[in-house]
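In listed order, ligands and their atoms are each counted from 1.
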Amino acid sequence: MNLSITENEVSERELLFPNLEKIFCDINIHEYQNVMQKAQESVIAFLEENIQPFSGVSPKELKNQFEDINFNDDPKSYDEVFEEVRTLYTQHAVAFHHPKYIAHLNCPVVIPAVAAEMLISSINSSLDTWDQSAGGTLMERKLIEWTCSEVGYGKNSDGIFTSGGSQSNLMGMLLARDHYAAKHFSHPVRKNGLPENARHFRIFVSEMSHFSIQKSASILGLGEQSIVKVKTDRSFRMNVVLLEDAIKKEIESGNIPIAVVATAGTTDFGTIDPLTAIAAMAKKYQMWLHVDAAYGCGLLLTDKYRHLINGIEDADSVTVDYHKSFFQPVSSSGFLVRDKNYFSLITHYADYLNPKDHDEDQIPNQVNKSIQTTRRFDALKLWFTLRIIGKKGLGNYIERIINTAHQTAVVLENDPYFELLNRSDISALVFRYSADPFKTFDLNRINTFIKSRLYKQGSALVAGTKVNGQFYLKFTILNPLTTMEDIRTILNTIKQYGHEYTEVN
Ligand SMILES: *Cc1c(COP(=O)(O)O)cnc(C)c1O
């Protein structure tokens, strides 16, 4: 490819404006190759030098190093900056790929997706309109079509890539609100704002649902007061009998049930709400059903466990987080709807971007379905991944993870030093160290101590959470490379810190 500037022109411009060789274009290929090589070396150093999931650095220690940094200093060389970034960032970056990182919902990423990232940020397409992306738009559509068909949706379904599960959930609640107002009150929210009775709108979630649903309700002007939390059963799944009780109670008090959110894979426990029963309830009371499968979407990849999310196809909208369970780099997420016409509720037209007549000419403008405008071509990562590893290959990763979690649950149950709270449908286990038969020690304190000791030491990272006011430790196993040997080592370290606490105090 030859751009309109010639080398002569560049050297001419270079005299006036230095640094033109920093611009990504065909005449700077040499610079590009050189720097990418350095970037790659810095990533490889991260892999080779960070032998623990975390360095254990404290915010104070690290903050001190930021004090003398001034962006108005003279520019530095690449080597200087890579070195600076090593000391300030990569050296202390939490290594999600480490087999002993089993804290939050962060998966290790697959190499084909990382390769795609290079194309994504270099070519830098924006997927808002056809005239800025062309093939990218069609690739994204093809992947959405594939995900919809894996969910069990029909031909009329559609969706969009988003920045994450939180944005997908926000879109679900947005469509639920606007669809309800349009259908039941002929009220166009996009145009007229909230209807008068909006303060009576109610959204039902389980008490274990993700906090982004509540946040969405606030953003959407319904307030947290619109969220009705339904108690879960002993396995932390939404109790459908209590759901119906709650719906009836709200109706009796003059409120309007508009939506129910089922979680397919709760963040803390990896359990799946009874989707089919909740779908029946949604139908009975004419509510929108949103399924938050940010975590559980990984089950779409495996024939062995796919049945656990049966019923997901009854949802009006679904959240999938490829960056949680499809081994994709952040960001990569999807929002799917059963009926593509739902998107018309939120379509806005801009003459400079996606004029209305484009629709008549069938020009595919993805911005019609998105709350973002300029948007990354994240879909390309999934494209590379499915082409190179395949659904089955990814499914094997998921099966390994679930297997490791099952075995870990057995170990925890059979160890008198531990108290396991749940059996996960996926790979999250909540438990605590509890080797104190006389209960002379506060288990909250011991487990908080264990968690912070682990974090400071950095050789294994686990998460913590509160259940019924009690502090627990949490494993989220998302790495197919994590072995039972790793798990046993981590459990031994936990025990050791637990003993330490009880001996010293
Ligand atoms: C992580 C998570 C989300 C939020 O997704 P982000 O990608 O972090 O925005 C939503 N729902 C559930 C169940 C999650 O686990």
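Only the side chain of Ala294 comes within contact range of ligand 1, with a heavy atom under 4.0 Å; no backbone atom does. The proximity of Thr319 to ligand 1, defined as any non-hydrogen pair under 4.0 Å, does not occur for either the backbone or the side chain. At a heavy-atom distance under 4.0 Å, no atom of Gln167 approaches ligand 1.
When only interatomic distances are considered, the shortest N/O to N/O separation between Thr266 and ligand 1 does not fall below 3.5 Å. For ligand 1, none of its N or O atoms has an N or O atom of Thr263 under 3.5 Å away.
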Between Glu150 and Lys391, is a side chain to side chain contact (heavy atoms under 4.5 Å, CB included) present by the stated rule, with each step listed?
-> CA-CA 10 Å; Glu150 294 301 317; Lys391 174 185 165 186; 2.8 Å; yes
Can Leu301 and Arg306 be said to form a side chain to side chain contact (heavy atoms under 4.5 Å, CB included), step by step?
-> CA-CA 7 Å; Leu301 298 165; Arg306 171 64 177 79; over 6 Å; no
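The Gly165 neighbourhood of ligand 1 comprises atoms 4 (C), 5 (O), 6 (P), 7 (O), 9 (O), with distances under 4.0 Å to a heavy atom of that residue. The contact set between ligand 1 and Asp321, taken as ligand atoms under 4.0 Å from a residue heavy atom, comprises 5 (O), 6 (P), 7 (O). Within the listing of ligand 1, atoms 10 (C), 11 (N) sit less than 4.0 angstrom from a heavy atom of Asn169. When each atom of ligand 1 is checked for a heavy atom of Leu105 under 4.0 Å away, the hits are 15 (O). Here is the list of ligand 1 atoms found below 4.0 Å of a heavy atom in Ser166: 4 (C), 5 (O), 6 (P), 9 (O).
Assignment of His323 to the shell around ligand 1 is supported, since a heavy atom sits closer than 4.0 Å. Heavy atoms of Gly265 come nearer than 4.0 angstrom to ligand 1 in at least one pair.
Classified by interplanar angle (parallel below 30°, tilted 30° to 60°, perpendicular above 60°), the ring pair Phe269/Phe236 is parallel. Note: Phe161 and Tyr322 have parallel aromatic rings, judged against thresholds of 30 and 60 degrees for the angle between ring planes. Between Trp288 and Tyr342, the ring-plane angle classifies as tilted under the 30° and 60° cut-offs.
Lys100 and Gln52 share no side-chain donor-acceptor pair at under 3.5 Å.
Nearest to atom 10 (C) of ligand 1 by heavy-atom distance, out of His104, Met208, His210, is His210.
Among protein heavy atoms, the minimum distance from atom 14 (C) of ligand 1 is reached at Lys324 NZ, 3.1 Å. In terms of protein heavy-atom proximity, atom 15 (O) of ligand 1 is closest to Thr267 OG1, 2.9 Å. Nearest protein neighbour of atom 11 (N) of ligand 1, counting heavy atoms only, is Asp292 OD2, 2.7 Å.
Taking the side chain as every heavy atom from C-beta outward, Leu170 and Leu220 approach each other to under 4.5 Å. In this structure, the side chains of Ser212 and Ser168 stay at 4.5 Å or more apart for every pair of heavy atoms.
Ring centers of Phe46 and His92: at least 6.0 Å apart, outside the cut-off.
Salt-bridge annotation for Arg141 and Asp158: absent, with no side-chain N of the basic residue lying under 4.0 Å from a carboxylate O of the acidic one.
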